[in-house]
Amino acid sequence: MTTTLSERVSQSAFDGSMLRVVLLMDLHEGTQQQFFEAYEQLRHDIASVPGHISDQLCQSFEDPSQWLITSEWESAPQYLAWVNSEHHAEQVKPLGACARNMRPLKFTVLRETGRGYDQAARPTTARLQTTPRLGAGIVRHALTFTVKPGSEKEVAAILSSYASPAARVDAHTRLCRTSLFMHGNRVVRTVEVQGDLVTALRHVSEQPEVRAVEEAINPYLEQDRNLNDPESARMFFMRAALPAVHHIAATEEDPADVQRHALFYPAKPGCGAALAKFLARQDEAAAHRPKSPVRSSSIFQRDDIVVRLIDVHGPLDAQPDITFGVSGPRKAAVLARLTAASGGRVHLAHHTMNLITDRRAPAQS
């Protein structure tokens with residue numbers, strides 16, 4: 001049976017709907033006033049960020065150490081551009097210093113009811129999500145960082161030799177798949193989690209086998225970090241975060257010969273979001289093709305770093321225009337304009353990342 005777009009899992013940050021961000025925090029004892037004063041210093045600066053609509057700071061009346069910040073944004077890309085910026089990392093340092101735990105949650109707005117919503121006060125570009133998205137209960141995330149040039153072989157050997165942690169995190173959270181790639185001296189690690197992403201990432205970071213690998217690659221990193229210093233570790237992983245901005249996949253079971261690949265698209269300065277959106281539209285269009293070799297595609301983007309993770313049926317280069325995301329007239333020229341391609345030309349081989357390891361959790365019994 002032909003799989004149509006409506007039968008596919010499709011999750012995207014590019015549908016233009018408003019975003020509600022919820023940040024749950026548990027503060028260190030005695031830092032409530034310090035946290036409040038830091039927020040007072042920052043809130044007017046944050047209000048001037050393009051796409052920001054409103055903020056609310058809330059404190060639990062049951063437990064004074066529990067705080068909540070909710071913010072509303074015109075769209076997800078505008079929020080992601082801010083939250084992934086170096087300016088944001090510096091802005092929130094005073095808040096992070098007060099927090100024992102921080103858990104961000106991101107939701108697009110489907111419906112509103114009540115008298116408290118002043119539509120006239122909102123930008124005309126802010127709109128509700130039209131229909132619920134279809135999902136498969138999987139959360140995707142990636143980390144990226146660079147290692148010192150010349151150390152690539154040593155780093156690849158270290159990253160490919162670790163023992164996988166247990167897949168089951170708790171009763172509700174499970175690690176499903178971890179894939180690790182390199183392109184030159186850039187490392188990209190993608191994870192798929194069933195359940196709570198933050199819980200899973202914290203669990204993985206605490207495992208001795210994973211901690212040993214992280215310590216082993218420390219001398220090779222271009223950006224120094226100290227995993228024994230919570231603030232140093234938090235800032236490193238904040239800067240390394242590579243959020244998933246788009247995902248589309250067929251809902252029926254994959255054929256046996258499906259292979260995972262990753263493509264690295266370095267964008268021209270300031271073109272990262274436009275490039276990610278272009279690739280997302282290409283993947284949506286390819287989903288209408290009944291013989292498309294791409295079974296699923298996940299696009300990760302931070303600033304001008306764009307990575308496309310694809311599961312492909314058959315050889316990667318059998319239909320290179322579709323697997324590369326340039327199917328159709330003049331699409332290759334558009335991609336060349338958005339990327340830092342040498343000589344203005346783009347080639348599948350130049351963007352294909354080297355697979356270091358791809359590990360699936362055992363099937364649940």
Side-chain angles (χ1 to χ4, degrees), residues 11-25 35-36 38-58 67-99 102-109 121-129 139-145 197-198 201 223 231 234-247 265-280 299-307 338:
Q11 301 158 221
S12 182
F14 301 118
D15 65 1
S17 53
M18 290 187 298
L19 186 73
R20 171 74 66 180
V21 181
V22 179
L23 181 61
L24 304 170
M25 290 161 292
F35 179 85
F36 177 70
Y39 178 81
E40 283 290 284
Q41 293 280 333
L42 291 173
R43 66 189 184 100
H44 296 295
D45 187 19
I46 294 172
S48 66
V49 175
H52 180 273
I53 297 175
S54 66
D55 251 79
Q56 286 185 325
L57 175 66
C58 311
W67 291 62
L68 170 72
I69 297 177
T70 67
S71 59
E72 191 175 52
W73 297 77
E74 290 180 42
S75 68
Q78 291 170 308
Y79 166 76
L80 292 172
W82 170 70
V83 79
N84 293 325
S85 68
E86 188 62 29
H87 181 55
H88 166 264
E90 294 300 321
Q91 273 183 314
V92 300
K93 271 186 178 180
L95 302 181
C98 301
M102 301 175 71
R103 183 186 178 194
L105 302 170
K106 299 177 284 291
F107 303 85
T108 46
V109 183
R122 281 183 176 148
T124 55
T125 53
R127 65 175 189 264
L128 299 179
Q129 181 182 327
V139 183
R140 295 167 179 83
H141 189 63
L143 295 172
T144 186
F145 51 87
L197 176 66
V198 174
L201 295 179
Q223 179 188 340
E231 182 62 13
R234 187 181 72 83
M235 293 302 294
F236 177 87
F237 288 111
M238 178 186 292
R239 292 186 171 105
L242 192 62
V245 295
H246 187 83
H247 174 74
Y265 303 80
K268 287 182 179 177
C271 292
L275 175 56
K277 188 174 183 178
F278 167 79
L279 292 171
I299 298 171
F300 302 88
Q301 182 249 328
R302 178 193 180 97
D303 298 330
D304 295 325
I305 299 170
V306 181
V307 172
L338 293 171

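Keep in mind it's a predicted model, so treat the numbers as computed, not measured.
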J.: So I46 and W82, side-chain contact (heavy atoms from CB on, under 4.5 Å) or not? Walk me through it.
T.: CA-CA 9 Å; I46 294 172; W82 170 70; 3.9 Å; yes
J.: Side chain of E40, backbone of L42: donor and acceptor closer than 3.5 Å?
T.: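 Side chain of E40 to backbone of L42: no pair is present.
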J.: Measuring from atom CD of Q91 to atom NE2 of H88, what distance do you get when rounded to the nearest 0.5 angstrom?
T.: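 Between Q91 CD and H88 NE2, I get 7.0 Å after rounding to 0.5 Å.
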J.: Which pair of non-hydrogen atoms, one from W73 and one from I53, has the smallest distance, and what is that distance?
T.: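 It is C-CD1, 3.8 Å.
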J.: Does atom CD (Q56) have a neighbourhood of more than 12 heavy atoms from anything else shown, all under 6.0 Å?
T.: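 No, the 6.0 Å shell around CD holds no more than 12 heavy atoms from other groups.
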J.: When you measure from the side chain of D304 to the backbone of G270, do you find a donor-acceptor pair of N or O atoms at a distance under 3.5 Å?
T.: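 Yes: the side chain of D304 pairs with the backbone of G270.
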J.: To the nearest 0.5 Å, what is the distance between CG (L105) and OG1 (T70)?
T.: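 If we round to the nearest 0.5 Å, L105:CG and T70:OG1 are 12.0 Å apart.
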J.: With the side chain counted from C-beta on, respond yes when H87 and D45 share a heavy-atom pair under 4.5 Å apart, and no when they do not.
T.: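 Contact flag for H87/D45 side chains = yes.
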J.: Run the side-chain contact (heavy atoms from CB on, under 4.5 Å) check on H141 and L197 step by step: do they pass?
T.: CA-CA 8 Å; H141 189 63; L197 176 66; 3.7 Å; yes
J.: Measure the spacing between CG of L57 and OG of S71 and express it to the nearest 0.5 Å.
T.: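 Taking CG in L57 and OG in S71, the distance rounds to 11.5 Å.
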J.: Which heavy-atom pair separates D55 from I69 by the least distance, and what is that distance?
T.: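 Minimum heavy-atom separation between D55 and I69: OD2-CG2, 3.4 Å.
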J.: How far does CG of N84 sit from CZ of R239, to the nearest 0.5 angstrom?
T.: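 Result: 12.0 Å between the selected atoms.
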J.: Could you tell me the separation between the CG atom of L68 and the CZ atom of R103, rounded to the nearest 0.5 Å?
T.: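 Those atoms lie 12.0 Å apart.
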J.: What distance separates E90 CD from S85 OG, expressed to the nearest 0.5 Å?
T.: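 It is 10.0 Å, given to the nearest 0.5 Å.
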J.: Ignoring hydrogens, what is the shortest heavy-atom contact between V306 and Q301? Give both atom names and the distance.
T.: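 V306 and Q301 have their closest heavy atoms at CG2-CG, 3.8 Å.
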J.: Please check if the side chain of H52 supplies one atom and the backbone of S54 the other of a donor-acceptor pair under 3.5 Å.
T.: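 Yes, because the side chain of H52 sits within donor-acceptor range (under 3.5 Å) of the backbone of S54.
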J.: Check whether more than 12 heavy atoms from other residues, nucleotides or ligands sit under 6.0 Å from atom CD of Q223, and answer yes or no.
T.: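 Correct, the count exceeds 12.
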J.: Using 30° and 60° as the class boundaries, would you call the ring planes of F145 and F236 parallel, tilted or perpendicular?
T.: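 If you compare the ring of F145 with that of F236, the planes turn out tilted.
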J.: If you take all heavy atoms of A142 and F300, which pair is closest and at what distance?
T.: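 A142 and F300 have their closest heavy atoms at CB-CD2, 3.6 Å.
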J.: Taking all heavy atoms of H246 and all of S12, pick out the closest pair and write down the distance.
T.: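 Where H246 meets S12 most closely, the heavy atoms are ND1-OG, 2.9 Å.
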J.: What closest approach, in Å, do Y79 and K106 show between heavy atoms, and which atom pair accounts for it?
T.: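 Heavy atoms only, the tightest pair is CE2-CD, 3.5 Å.
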J.: Where does the angle between the aromatic ring planes of W67 and F36 fall among parallel (under 30°), tilted (30 to 60°) and perpendicular (over 60°)?
T.: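 Tilted: the ring planes of W67 and F36 meet at 30° to 60°.
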J.: Ion pair present between E86 and R302, side-chain N to carboxylate O less than 4.0 angstrom?
T.: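 Judged by the 4.0 Å cut-off on N to carboxylate O distance, E86 and R302 do not form a salt bridge.
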J.: So which of L275, V307, L279 actually passes side chain to side chain contact (heavy atoms under 4.5 Å, CB included) with I299?
T.: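 When side chain to side chain contact (heavy atoms under 4.5 Å, CB included) is applied between I299 and each of L275, V307, L279, only L279 qualifies.
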